[in-house]
Amino acid sequence: MQKKPSKKQGGSRFLSSTAIATCVFASGFLAPYENSGVMAADDEKATPYDEIVVTARKRSETLSDIPISINVVSEDFIEKVGAVDYTDLLGSVASLTAYQNGPGRTRISIRGVANGGGNDNDTQNQETVGIYLDEIPISVGAMNPELSLFDLERVEVLRGPQGTLYGAGSLTGTIRLVSKKPNLEEFEGKAEGTLSTIQRGGENYGFRALVNVPVVEDKFAIRTSGYYNKFGGYIDNILTGEEDVNNGEAKGVKVAARLQASEELTIDFSFFHHDYSDNGRPEDLDRTPFLTRDFPSFDGYDDEMQIYNLAINYDLGWAEVVSSTSYFDREVFNRRSLDTLFEVALPPGITPSELVDNTNWETWVQELRLSSTTDSPLQWTVGGYFDNRDVLYLNTFPVPGADAVIGTPSSDFGAPDDHLFFGFDDLTVQTFAFFGEAYYTIDKFTITAGLRYFNWRQDIEFFQSGLFNGGANSDIRPRGRENGFNPKINLSYDVNDDVLVYAQAARGFRYGGINGAIPEAVCGAELEQVEREGGDTRFFGPDKTWNYEVGTKATLADGKVSINAAYFNIKWDDVQTARAFDCGFGFRENVGEATSQGIEFEINAQVTENLYFNFGTSYINSELDQDVANIGAVAGDRAPFVPEFSFNGSLEYTRPLTDTMDGFIWTNVQHVGTRNTEFDLEAANNRRMDDYTLANARIGVKWDTVEVSLFANNLLSSRGTVRALRRPPFDPDARIRVEPRTIGITVRTEF
């Protein structure tokens with residue numbers, strides 16, 4: 001990890017427990033110096049953990065200088081846990097949860113701000129957690145891309161609203177994937193191969209490699225990396241006889257170039273391509289035999305994207321200018337089985353077929369900011385932001401031979417031949433914002449204040465047709481608009497060099513949107529009920545959070561023990577809630593208020609010279625403050641998909657075996673508490689998801705530049721549920737479970 005001395009005047013110099021705890025994230029411990037390379041060989045007085053530099057506040061700072069709750073996941077931990085993408089780290093960060101529908105269809109939430117539900121592809125899904133690849137925002141509602149974690153410097157998880165620096169997509173937090181930059185001085189490379197087998201499933205294998213070439217020493221370098229991962233699958237189709245139908249593959253390549261044009265000017269360019277596909281959703285029908293399904297239709301998933309970024313950094317001496325220009329292009333084919341619908345809504349003789357959603361995003365993002373760099377009690381960052389997103393969403397239900405069996409052509413309902421439903425959304429979203437954040441240190445006190453002004457607009461055209469729509473319609477919607485301010489204030493106090501306390505109030509914000517039309521021909525009775533309640537199904541407004549937080553960071557025993565604790569209370573107003581009709585359509589509206597409060601606690605320790613321990617836990621009580629009639633919920637009902645209690649812990653023991661060889665044993669336990677799928681526990685579609693515990697282990701040796709390790713994930717063969725489904729006749733009772741026990745070997749070399 002990069003090391004950099006603190007610039008903060010009068011601030012503490014200890015490494016926060018969050019820094020350590022998150023430095024290894026899933027494994028939960030910071031590797032010993034021999035393995036991590038963070039200790040200077042001649043520093044006899046160094047503590048077990050060295051300072052970690054992060055860019056969470058869009059400037060390079062040591063983590064101990066930042067009085068907010070951050071988890072930092074090191075490359076070392078990513079490798080130990082065998083994480084392929086960020087969802088593999090979900091059980092390892094306090095307060096981080098998700099609503100999962102399979103790879104590429106994950107909705108992240110932090111600190112209990114979640115209400116579940118909604119269609120994956122809905123263009124009006126607004127994210128609550130921002131996800132960034134370096135400077136590039138890549139979060140997309142309920143379909144966040146799951147990029148490879150290879151060749152990352154770290155993963156930063158910022159808990160709590162980040163509306164000042166990161167905008168509306170960070171209602172409750174931000175996840176930052178920070179890549180390694182090209183090395184201008186040295187040629188280097190790395191290669192890694194993994195082979196494993198899934199209990200009652202197929203085989204996984206993968207290969208990842210990188211090479212860094214300083215084309216002109218100290219002036220220009222290129223860093224290229226690539227990966228290929230094959231996933232074996234573990235769900236069998238007992239109807240068709242297919243085994244491991246949820247098998248898939250991911251491949252990608254990244255090319256990064258750095259030009260040191262002058263001592264003051266640095267130019268970085270990067271290109272990233274990612275391609276993922278599978279042959280079926282990992283849905284188990286929750287019956288005997290275990291991990292089986294009987295859908296005749298194909299519901300595989302395809303996801304391809306290209307990401308470009310040009311970052312220009314100029315050092316003015318007293319400040320740093322950063323310009324980041326990004327282009328993000330992504331296309332997804334998301335298929336969904338509707339086989340049970342055929343049984344109740346269509347005549348015999350029609351072959352079941354899947355709903356096919358095709359979504360294409362094209363996004364331009366420009367950010368320009370100026371950050372102070374002087375050694376002064378006052379530090380500040382100001383900037384401007386602009387993005388333009390074009391989204392084309394095709395929602396189609398092609399059923400070969402349907403027109404002949406039904407006896408009425410689809411064209412009579414405005415749809416193409418043999419299409420029971422055909423529709424599209426074509427929208428353009430533009431945002432611009434101005435933001436600023438500054439902090440000032442007086443003796444042991446530091447006060448931070450921030451403000452962001454935003455202006456958002458959305459234009460949309462849509463069309464819906466087909467038998468299931470009752471005909472064709474295209475209801476024109478006027479432009480959607482939002483503007484406002486996101487404030488933040490933080491006060492911290494350095495009790496001494498080893499203890500920091502802080503208090504913060506920050507506002508989070510999420511844009512509203514425009515609902516599609518609900519056809520009266522098939523949903524008339526339910527629409528009348530909405531009108532009697534005074535509802536307007538065309539629009540929904542923004543929702544907001546105020547996060548009030550107090551926390552402390554401390555180190556003990558000469559830096560060998562680190563503790564981090566925080567209490568938060570989040571007020572969530574005008575909650576965006578999805579109302580699902582029995583006719584298969586629905587809309588979003590703003591109803592209700594909720595409160596999420598809880599405690600996060602983390603401890604990290606060097607128990608002995610060779611033994612390292614970490615433990616993290618969270619308690620979250622997220623519930624409605626008032627009745628919400630449209631979903632049958634009442635005040636006091638808990639938020640869906642949010643465990644009340646969860647924890648994770650890790651132990652690592654390292655020991656020299658010879659003068660040139662070290663051995664290590666690493667173990668990790670993750671516990672996720674009980675959750676439900678609905679606010680209303682008595683609702684017919686509610687499904688309880690019991691608590692579960694995962695145990696992982698890795699044992700290996702490392703000598704010179706080669707490491708060989710054996711690993712076992714889900715060692716105790718937990719059948720834990722990460723997502724339960726039920727919405728007849730569209731979704732039968734089914735569960736997405738943790739991957740069964742997986743045992744394998746990893747070989748890694750660096751040069």
Side-chain angles (χ1 to χ4, degrees), residues 55 58 75 78 84-86 103-104 130-140 143-156 175-184 186-192 206-216 219-229 249-261 265-277 302-314 322-332 359-368 385-391:
T55 50
K58 300 197 174 185
E75 180 185 32
I78 292 171
V84 176
D85 56 60
Y86 68 85
I131 302 176
Y132 285 73
L133 174 62
D134 296 321
E135 296 282 348
I136 312 161
I138 59 173
S139 46
V140 183
M143 302 193 73
N144 290 306
E146 297 177 16
L147 307 181
S148 171
L149 298 183
F150 186 56
D151 200 31
L152 286 186
E153 184 75 33
R154 62 190 178 273
V155 177
E156 299 176 1
I175 297 175
R176 302 185 67 246
L177 312 179
V178 183
S179 302
K180 289 187 175 181
K181 303 302 184 289
N183 186 337
L184 296 172
E186 297 179 340
F187 176 87
E188 60 184 18
K190 184 176 182 178
E192 174 186 304
F207 180 77
R208 306 191 285 184
L210 71 89
V211 62
N212 182 95
V213 180
V215 180
V216 179
K219 291 293 184 182
F220 181 66
I222 297 177
R223 189 179 188 92
T224 302
S225 60
Y227 58 89
Y228 176 83
N229 295 305
E249 64 178 14
K251 52 185 178 291
V253 62
K254 181 178 180 181
V255 179
R258 166 165 284 190
L259 173 64
Q260 192 70 51
L265 179 61
T266 304
I267 301 174
D268 286 296
F269 172 79
S270 64
F271 165 75
F272 184 86
H273 172 83
H274 173 78
D275 190 345
Y276 173 84
S277 63
D302 297 287
D303 190 350
E304 182 176 357
M305 70 191 74
Q306 286 75 228
I307 303 173
Y308 303 82
N309 178 255
L310 176 65
I312 301 173
N313 185 304
Y314 192 81
V322 177
S323 171
S324 174
T325 306
S326 306
Y327 174 70
F328 176 39
D329 179 18
R330 183 185 184 197
E331 184 171 19
V332 166
T359 311
N360 183 268
W361 295 266
E362 293 186 15
T363 305
W364 284 96
V365 179
Q366 174 64 50
E367 181 166 306
L368 180 66
Y385 173 91
F386 172 80
D387 68 31
N388 185 92
R389 176 180 295 186
D390 292 315
V391 184

Taking C-beta and beyond as the side chain, do [X] and [Y] meet within less than 4.5 Å on heavy atoms?
X	Y	result
N212	E186	no
Y132	V178	no
R330	V391	no
L147	I138	yes
V365	F328	no
S324	N309	yes
D329	E362	yes
I78	F150	no

> Do N229 and Y276 pass the side chain to side chain contact (heavy atoms under 4.5 Å, CB included) test, and can you show the C-alpha distance, the side-chain angles, and the key distance before you say yes or no?
Replying inline: CA-CA 9 Å; N229 295 305; Y276 173 84; over 6 Å; no
> Below 4.0 angstrom, N of the basic side chain to O of the carboxylate: do K181 and D134 qualify?
Replying inline: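 Between D134 and K181 there is a salt bridge, with a charged N closer than 4.0 Å to a carboxylate O.
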> Less than 4.0 Å between a side-chain N and a carboxylate O, is that true for E249 and K251?
Replying inline: yes
> T55 and R154: side chain to side chain contact (heavy atoms under 4.5 Å, CB included), yes or no, with the steps?
Replying inline: CA-CA 11 Å; T55 50; R154 62 190 178 273; 3.3 Å; yes
>> Checking Y385 now: which residues fulfil ring pair (Phe, Tyr, Trp, His ring centres under 6.0 Å) with it, not counting sequence neighbours?
In response: none
>> Once ring pair (Phe, Tyr, Trp, His ring centres under 6.0 Å) is applied, do any residues pair with F386, and if so which ones, sequence neighbours excluded?
In response: none
> Given R258 and D268, is the side chain to side chain contact (heavy atoms under 4.5 Å, CB included) satisfied, shown in steps?
Replying inline: CA-CA 5 Å; R258 166 165 284 190; D268 286 296; 2.8 Å; yes
>> With side chain to side chain contact (heavy atoms under 4.5 Å, CB included) as the criterion, how do H274 and K254 come out once you've worked through the C-alpha distance, each side chain's angles and the decisive distance to 0.1 Å?
In response: CA-CA 9 Å; H274 173 78; K254 181 178 180 181; over 6 Å; no
Cut-off 3.5 Å, side chains only: do [X] and [Y] have a donor facing an acceptor?
X	Y	result
S139	N144	no
K180	S225	no
R223	S179	no

>> Apply side chain to side chain donor-acceptor pair (under 3.5 Å) to residues S323 and Q366 and explain how you reach the verdict.
In response: CA-CA 7 Å; S323 171; Q366 174 64 50; 3.1 Å; yes
> With E331, which residues qualify under salt bridge (charged side-chain N to carboxylate O under 4.0 Å, His left out), at least two apart?
Replying inline: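 Here no residue qualifies.
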